[in-house]
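In the text below, chain A, chain B and the rest are named by the order of the sequence lines, each starting its count at 1.
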Amino acid sequence: MSTPQNNTPRNTISYVCDYQWPIEVELKGKSLIVNVNHVGDIRRLNDALGTETPVQAYIYRDAYGSLETLDVDPDWGDIPIVLYLNRLGQFRTVAHKVEMLKGLNVTVIFTGEESRACVDAQILASLGIHSGIKLTPDSPLSDSVLDLITYNFYSQMPHADIEPFSTMSRHYKGENYVSPSLLDLENPARYLHVDAKHRLAFTRDDLLAGNVLDFTSDDATDTLIDDAAQIFSRRWQQWFVESHPCTFCPAFRVCKGFFHAPEKSTERCTEVMSELLEAIEFERKKCENHSKKPCQL
Amino acid sequence: MPTIIFKATEACNANCVYCDVVHRKKPRTISPELLRTAFERFNEYLLEHPEEEMQIIWHGGEPCMAGLKLYQTALEYLNTICAATRDRFKFAVQSNLTMINQDFIDTFKAMGIDSIGTSYEPIHGVRGIGKKRDSVLYNKKFFDGINLLEANNMGWGFIYVVTRQVLDRPLEIFHHLTNLKLSGGFDLHPVLVYDDAADESMESGITQEEFADWLGAVFKEWWPNRERYPHVDPFATYLKFYTGKGDGLGCCDAPTCGLHLYLGPDGETAQCGRAADWDILMYGNIASKPLSEIFADEQRALIDNRKNVLPDTDCKGCEYWSICHGGCPLDAYNGHKDFNRRSDQCLSKKLFLKKYFEPITGLKLPKPQAQSHE
Ligand SMILES: C[S@@+](CC[C@H](N)C(=O)[O-])C[C@H]1O[C@@H](n2cnc3c(N)ncnc32)[C@H](O)[C@@H]1O
Ligand code: SF4
């Protein structure tokens with residue numbers, strides 16, 4: 001799931017939708033990201049949509065389920081799939097799925113208890129499977145998150161990407177803001193969330209709350225989308241207008257107030273997100289050094 | 001290159017706590033006739049000096065308070081009166097951006113301006129619009145201005161003025177400013193408060209030691225993270241000089257003030273804005289004097305001579321001479337009624353470099369190669 005930085009010109013907008021309405025017909029021809037309720041829907045829907053309606057990812061969420069109990073379909077092939085699962089489950093039962101997962105295009109994000117999720121994500125990543133944890137504004141950000149950041153950026157052992165850190169790192173260019181919300185498909189240059197009434201918003205929360213754009217997916221034009229995206233991408237400025245406490249935080253550039261909640265201390269999120277910023281910078285530097293031309297002597 | 005600080009208006013829509021502009025009872029704005037004269041004088045000077053360029057900085061007050069018409073007329077004069085010298089003008093603007101609109105931007109761009117200097121403050125009640133000093137409105141309009149600049153591919157940088165109000169929170173302020181402008185692009189200044197300042201300005205005043213310690217606290221954070229936010233001054237400039245890559249000092253640190261000139265709304269000229277405020281080093285009015293005469297005013301020798309006097313007097317043996325040159329002569333005069341003294345601001349500079357910059361970086365200022373007063 002790679003998303004360009006917020007302020008780059010977009011290539012194609014992908015419409016993020018739930019598979020609860022006839023999207024095959026009503027969003028025909030658009031690039032999609034589809035939330036499905038059943039993993040079994042993925043292959044069927046993908047066949048139905050065909051190449052005319054390209055899907056960037058199918059997202060399946062099971063807040064209580066584990067990878068252990070999930071029916072992984074070996075015929076998913078290279079269909080891009082993101083699974084939000086509570087936990088890994090018994091490793092010995094999962095082990096046989098790992099080889100299968102390696103041959104598929106699946107990312108597994110763990111949503112369960114934080115330290116468990118971190119361990120599970122690290123295990124999968126170490127086995128070469130793109131994984132991650134789901135951060136939310138209420139995440140406790142325990143030391144296990146710091147350990148996972150350390151593993152993702154500093155470990156010498158080869159491993160797959162770990163989200164949301166890898167996506168944030170890829171998008172951070174030193175002069176732009178990023179946030180864990182990239183994983184929630186908040187990126188106005190790339191994603192529009194659309195509901196059954198064809199209403200549009202740049203975030204799922206906005207869509208659910210009815211904070212929708214004044215045009216629908218039926219009459220969206222590039223200009224309308226670009227103008228709306230520009231206004232959305234300046235939302236951070238309101239934090240400065242009000243001199244919000246988060247604007248005084250050293251890690252605002254990689255958070256944008258994601259962890260803010262009234263009455264909540266900012267001490268821990270500042271500490272963890274500052275570590276993340278340093279780690280992202282470490283990786284950037286490493287990449288810059290690697291892209292240097294080898295010595296010709 | 002002659003640099004003219006053109007205060008075409010003293011009027012301002014804002015009401016910053018430390019700014020003496022707002023205490024002017026009747027702010028003046030230049031008349032159209034005098035504006036014409038100014039451009040005739042600029043042209044005349046450049047024709048007489050075919051090798052030279054001239055920088056004009058629109059200043060204020062708030063430059064936009066002079067109205068769009070003034071800048072459109074200035075542009076017209078630039079294209080007509082100065083047709084033969086036009087290419088040798090470099091324009092700049094220092095604006096709070098809260099009134100800027102597309103018409104101003106088009107006009108400034110047509111003058112060749114591609115970046116605007118501005119000012120910003122997160123603490124409410126320090127900078128703000130109108131009598132109430134409305135900071136939220138200021139910041140909102142400021143961002144509208146920034147967005148418009150960016151939509152027009154124009155750059156911006158800003159001055160941050162350190163006041164008593166932020167003395168206890170250097171890091172928070174620094175992070176806020178670097179969150180606003182991610183790679184830096186601002187200059188940290190101490191608030192300057194003089195004896196005749198209004199009471200509320202007095203209350204914002206800070207001591208030399210306080211400014212040095214404030215900068216020091218910020219520097220501790222900047223130094224290990226300087227690749228994250230490289231463009232923060234005075235740090236970036238000091239670093240260049242300490243690593244032998246320094247080129248050009250700001251007007252307060254240069255060996256002389258060079259061909260700096262303040263041009264006020266009534267056509268009066270002075271060495272700089274501070275000189276005009278204090279009615280010293282006044283060089284006459286452009287309505288009656290050509291610029292070459294103004295630049296040749298013999299009072300300039302008073303400040304030019306400091307570089308010969310100070311190394312043997314106040315600044316004798318000072319290791320920082322090459323990056324300070326006794327500081328701003330107007331500050332020196334303000335403190336001692338004598339231009340041949342060092343500026344009182346020198347203390348904060350020395351303290352900062354000795355107590356923070358040098359121990360933290362492990363750098364020493366390279367010794368000048370030959371014994372020179374420059
Ligand atoms: C006088 S203003 C004029 C231009 C424009 N209105 C602005 O605010 O940028 C120029 C700069 O001087 C700064 N300034 C005003 N009074 C000051 C003082 N007493 N000490 C230090 N800087 C001051 C302002 O903050 C601003 O950055
Ligand atoms: S905006 Fe500029 S000129 Fe106006 S009061 Fe503030 S500092 Fe002074």
B:Glu227 side, atom CD; A:Arg284 side, atom CZ - distance, nearest 0.5 Å
10.0 Å

Can you tell me how far apart CD (A:Glu175) and NZ (B:Lys181) are? Round to the nearest 0.5 Å.
7.5 Å

With a 3.5 Å distance limit and no angle check, can you tell me whether A:Tyr177 reaches the backbone of B:Leu182 through a side-chain donor-acceptor pair?
no

Decide if the gap between the ring center of A:Phe240 and the ring center of B:His176 is smaller than 6.0 angstrom.
yes

So what's closer than 4.5 Å to chain A heavy atoms on B:Phe142: side chain, backbone, both or neither?
neither

B:Gln165 meets the side chain to side chain donor-acceptor pair (under 3.5 Å) criterion, sequence neighbours left out, with B:Thr163

Would you check if the distance from the ring center of A:Phe248 to the ring center of B:His175 is below 6.0 Å?
no

cation_pi(A:Arg234, B:Phe143) dist<6.0 Å, angle<=45
no

Given that the side chain runs from C-beta out, which part of A:Glu242 has a heavy atom under 4.5 Å from chain B: side chain, backbone, both or neither?
backbone

From the list B:Ile146, B:Asn179, B:Asn225, B:Leu180, the residue making the most non-hydrogen contacts under 4.5 Å with chain A is B:Asn179

Taking all atoms of both residues into account, what is the closest heavy-atom pair of A:Ser243 and B:Asn139, and its distance?
OG-ND2, 4.5 Å

Donor-acceptor contacts, no H, no angles, side chain residues 105-113 of chain B, under 3.5 Å, sequence neighbours left out:
unit_1	atom_1	unit_2	atom_2	d
B:Asp106	OD1	B:Gln102	NE2	2.8
B:Thr107	OG1	B:Asp103	O	2.7
B:Lys109	NZ	B:Asn152	O	2.7

Please determine whether the number of non-hydrogen atoms from other residues, nucleotides or ligands lying under 6.0 Å from atom NZ of B:Lys141 exceeds 12.
no

The interface call for A:Trp239 against chain B, heavy-atom contacts under 4.5 Å, is neither

State the NZ-OG distance between A:Lys173 and B:Ser183, to the nearest 0.5 angstrom.
15.5 Å

What part of B:Tyr229 gets within 4.5 angstrom of chain A, counting heavy atoms only: side chain, backbone, both, or neither?
side chain

Can you tell which of B:Asn147, B:Leu177, B:Val136 has the highest number of heavy-atom pairs within less than 4.5 Å of chain A?
B:Asn147

Looking at A:Lys264, I'd like to know if its NZ atom is crowded, meaning that more than 12 non-hydrogen atoms belonging to other residues, nucleotides or ligands lie closer than 6.0 Å.
yes

Rounded distance [0.5 Å steps], CD in A:Gln238 versus NZ in B:Lys140
7.5 Å

